[in-house]
J.: 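I'd like to ask some things about the structure below.
Both ligands and their constituent atoms are indexed starting at 1 by order of listing.
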Amino acid sequence: MSDSGVLPLLGQVSAAVAEAINRTRPEMAGVDPVVRRSTHADFQSNAALALAKRLNMSSRVLGAELIEALDSDADRLLESVELAGPGFLNITVPDHSVWQQVSARLADDRLGVPASEDGRRTVIDYSAPNIAKEMHVGHLRTTIIGDSLARVLGFLGADVTRQNHLGDWGTQFGMLIQYIDEHPDARWRHDDLTVDTSAVSALDTLYKAARAAFDADAEFADRSRTRVVALQSGDPATLARWSEIVTESEKAFGEIYNRLGVLLTSDDYVGESFYNPMLADTIKELVDKGIAVDSDGALVIFSEEVTGPDDKPVPLMVRKRDGGYGYDTTDLATIRYRITSLDADRLLYVTDSRQALHFRLIFEAARRAGWLTDAIDAEHIAYGTVLGPDGRPFKTRAGGTVRLMDLLNDAVSTARAIVAEKNPDLPPADLDKIAEQSGIGAVKYADLSTSRVKDYTFDLDRMVAFNGNTGVYLQYAHARIKSILRKAGGHTTIVDANIPLEPAERALAMELDDYATTVAEVGATLEPHRLCGYLYDLARDFTSFYDNCPVLAADEPIRGNRLALCQLTARTLEHGLSLLGIAAPERM
Ligand code: ARG
C-alpha cells in the first residue's frame, strides 16, 4: 500500500460529520466536527454544541438536523447516529467497516501510517557526551529520547540527520595532553585495557589526576597553559595527541551506543571542534549586522527578550575578554551551519531543561541574524532529571555519578533474575539474550514512558516488573501473542468482514485503528510517552480480548478473524516498540 496510509475510522467519521455540516449549514463549512472516541458509542461528535452557540440556536435542534443529513448520506460508513443529552451525536460504525480496517492495516507494511513528514529536513542533536569523560546517567535521557524521535520522525518520512555534538574542544585538553605526555606509561588506549575498563574511563581518571597536578604544581600549570596555546594554534604533535584522545573516547561511546541499541554511528559524530573553522565568519557576520557588541572588552549579544534578575538583558558570550571562544560561540556557528549548509527545516536539540535559557538565546540570536526564519522550526527538547530513591538526582551509594555502563549491567542482571523465575526452562544462551533485551528495554521504556519534562525516579525493580506500564510487560504481551500464532500453525490472514464483532474484539480493533493517529501525534508533539501509553492500552485491550474470546478453539471463520486480530496486535506492538528503540523478543 502507498504512503497515504489507511484512513482511521475516526478520520472517516470526522469527514462524514464535516460533510453534513457543509450541507446543512454552508456558512459554517470547515469547522472542526469535534469527533472523539466514546464510551457511549464508537464515537461522539460535539459539533452541534459548539456550532449552536455561534448560530444562536438550540443545540438539540441542530443535532437533529445533522443526523438527518448524516442519515440521508451515510452510504455504508455509519451504522447509527443517535442524539443524546444537549445535542451530542453518538455514532456507531458497522462491524464490517471495523473488520475492513483490520484487514487493510494487516495488508500494509506501514500498518496504515502515512509518511506525513514528506521529506522535511530535520536535524536532531542528541547524546553529545564529552570527550575523555565517562558517560553517566545524565546522558541517558538525551540519548534515548533523541533516538526515539529520530526513529519516529524518520518513519514518518522526515529526512533525518543525526548530530552528536560531542564536547571535544576546550582548554581542559591542554592539561590532559600535557599530563599524558609526561606519563608515557599510563594505560588509556582501548587496546591496552582489559575488557571491563573503557578508554574514557581511563582518560577520566587521568583527567582527574591532571586536574590535581594542575592545582598542586605551578610549573605543571604553566606547561599546561602553553599546551592550550599549542592546541589552539594547531601544533601538529599536540593535535595528533588530541585526535587520538578523541578517537579512543569515541570507541568507548560506540560500545555504549551498541549496547543501548541506538542508531548513532561514527558518521553522526560532529563535535564542537568541527565548527572551529567557521567561528571567525560567524562572529564577523554577527558584528557586521550589529548584533554582537563590545562589552568591557568581551564580545556579547544582549537579548532583546530576556532580562536577568538585575533587569538587565541577558548576554550570550561570543568572544571572551581573553579572546577565547566557548559553548555559546560554537552553538551560534552550529545553528548557522545547520540552516545554511544542512538546509534544515526543523532543528531539534535534546538536552536537559537546565539548558532552556541557552537555547532560547541562541534561537533569538539566529532569528536576529536572519538565519532562523519563520519557515524553520527550532526547538529545545527539554527533559527532567533522573532521581534516586531519595528523590535527589541519582547518585551511587558513595555519592558519585552513576556510570552508564554500570547502570545497564545492573538492569540486565535484575531482568535476568525476573525472566529466569518466570521461565525456568529457558536455555542459558536464550536467557542471556532475553535478559539483555528486556533489561535494556526496561531502562529505555521507563525513561520514555514518563512525560519528558518531568523528573522520574530510577527504580530498577519497578522497571523490570512483568506487571504495570513497563517495557517488560509489553515485550511479554508481544511474546505471548507470538506463541499463540505459533500454535495456530500456518494461517492465512483473510478477514471475513461479515462476522459480527464481540465487544472485546471491537475494543481491540478500535485501539488498533488508532495507531497511525498516535504515531503522528508523537511526531507533532515530540513526546514519546504518548506512544508508550498507547502500547500499554493496546496490550491491555488484547488481554481482555483474549480472556473473553477463545482464539485457537474457535471455529472458522471466527478463528481466522481472531487470529488476524492477534497478528495485527503483535505487529503493532513490535513496530511501536521499535519506534521506541526497544526489541520485541519472540519468546520470553
Ligand atoms: N556536550 C553538552 C553537554 O554535555 C551537550 C551539547 C548539546 N548540544 C548543543 N548543540 N549544545 O552538556
Side-chain angles (χ1 to χ4, degrees), residues 122-147 149-150 160-173 176 200-201 203-204 207 242 245-246 249-250 252-254 256-257 260 262 264 268-276 278-279 282 301 316-318 325-342 344 346-367 369 371-372 376-386 393-394 401-404 452 526:
T122 305
V123 174
I124 311 186
D125 179 318
Y126 69 102
S127 196
N130 299 317
I131 297 297
K133 292 217 187 104
E134 191 117 57
M135 279 181 89
H136 54 79
V137 62
H139 297 107
L140 185 69
R141 301 209 71 189
T142 169
T143 307
I144 294 176
I145 295 169
D147 203 63
L149 295 179
V160 172
T161 305
R162 298 179 296 267
Q163 296 278 281
N164 193 353
H165 194 80
L166 298 162
D168 64 355
W169 198 251
T171 51
Q172 72 277 19
F173 288 107
L176 180 59
V200 253
S201 139
L203 284 165
D204 204 325
Y207 178 77
W242 166 79
I245 293 173
V246 171
S249 301
E250 286 179 351
F253 297 150
I256 295 222
Y257 294 149
L260 273 175
V262 294
L264 289 170
D268 309 315
Y269 292 174
V270 189
E272 296 178 11
S273 64
F274 174 81
Y275 301 95
N276 286 349
M278 303 171 208
L279 298 181
T282 306
I301 298 176
L316 205 53
M317 183 57 69
V318 180
Y325 305 126
Y327 193 59
D328 291 358
T329 326
T330 307
D331 260 327
L332 288 165
T334 303
I335 195 166
R336 179 174 178 261
Y337 172 79
R338 289 181 185 167
I339 294 172
T340 58
S341 300
L342 295 183
R346 194 179 201 189
L347 300 159
L348 307 179
Y349 294 82
V350 189
T351 79
D352 72 73
S353 41
R354 287 170 301 182
Q355 294 202 40
L357 177 61
H358 169 74
F359 287 110
R360 183 158 175 206
L361 296 176
I362 295 287
F363 298 162
E364 184 197 334
R367 257 193 303 276
W371 307 327
L372 184 57
I376 303 168
D377 174 38
E379 266 184 84
H380 174 215
I381 310 302
Y383 54 80
T385 310
V386 182
F394 193 34
T401 46
V402 180
R403 296 170 61 228
L404 207 44
R452 253 204 289 113
L526 308 174

J.: State whether the side chain of Asn164 and the backbone N or O of Ser127 hold a donor-acceptor pair below 3.5 Å, judged by distance alone.
T.: no
J.: Between Asp331 and ligand 1, which part of the residue brings a heavy atom under 4.0 Å of the ligand: side chain, backbone, both or neither?
T.: side chain
J.: Which atoms form the tightest heavy-atom contact between Ile381 and Leu526, and what is the distance?
T.: CD1-CD1, 3.5 Å
J.: For atom 8 (N) of ligand 1, what is the nearest protein heavy atom, given as residue, atom name and distance?
T.: Asp125 OD1, 3.1 Å
J.: Of His380, Arg162, Arg338, which is the lone residue that meets side chain to side chain donor-acceptor pair (under 3.5 Å) with Asp125?
T.: Arg338
J.: Give me the residue, atom name and distance of the protein heavy atom closest to atom 5 (C) of ligand 1.
T.: Tyr327 OH, 3.5 Å
J.: What protein heavy atom sits nearest atom 3 (C) of ligand 1, and how far away is it?
T.: Ala128 O, 4.0 Å
J.: Backbone, side chain, both or neither: what part of Tyr275 comes under 4.0 angstrom of ligand 1, heavy atoms only?
T.: neither
J.: Of all the heavy atoms in Tyr126, does at least one lie under 4.0 Å from an atom in ligand 1?
T.: no
J.: Give the residue and atom name of whichever protein heavy atom lies nearest to atom 4 (O) of ligand 1, and the separation in Å to one decimal.
T.: Asn130 ND2, 3.4 Å
J.: Start with the C-alpha distance between Tyr349 and His165, add both sets of side-chain angles, then the distance that settles ring pair (Phe, Tyr, Trp, His ring centres under 6.0 Å), and finish with yes or no.
T.: CA-CA 10 Å; Tyr349 294 82; His165 194 80; 7.9 Å; no
J.: Check for a donor-acceptor pair, side chain of Asp204 on one end and backbone N or O of Glu134 on the other, with a separation under 3.5 Å.
T.: yes
J.: Testing Ile362, Ile339, Asp377 one by one against Leu347 for a side chain to side chain contact (heavy atoms under 4.5 Å, CB included), which residue passes?
T.: Ile339
J.: Mark up the atoms of ligand 1 that fall under 4.0 Å of a heavy atom belonging to Thr351, in ascending order.
T.: 7 (C)
J.: Looking only at protein heavy atoms, which one is nearest to atom 12 (O) of ligand 1, and what is the separation?
T.: Gln355 NE2, 3.3 Å
J.: Test Phe274 against every option in Tyr337, Tyr269, Trp169 by the ring pair (Phe, Tyr, Trp, His ring centres under 6.0 Å) rule and name the one that passes.
T.: Tyr337
J.: What atoms in ligand 1 come closer than 4.0 Å to a heavy atom of Tyr349?
T.: 10 (N)
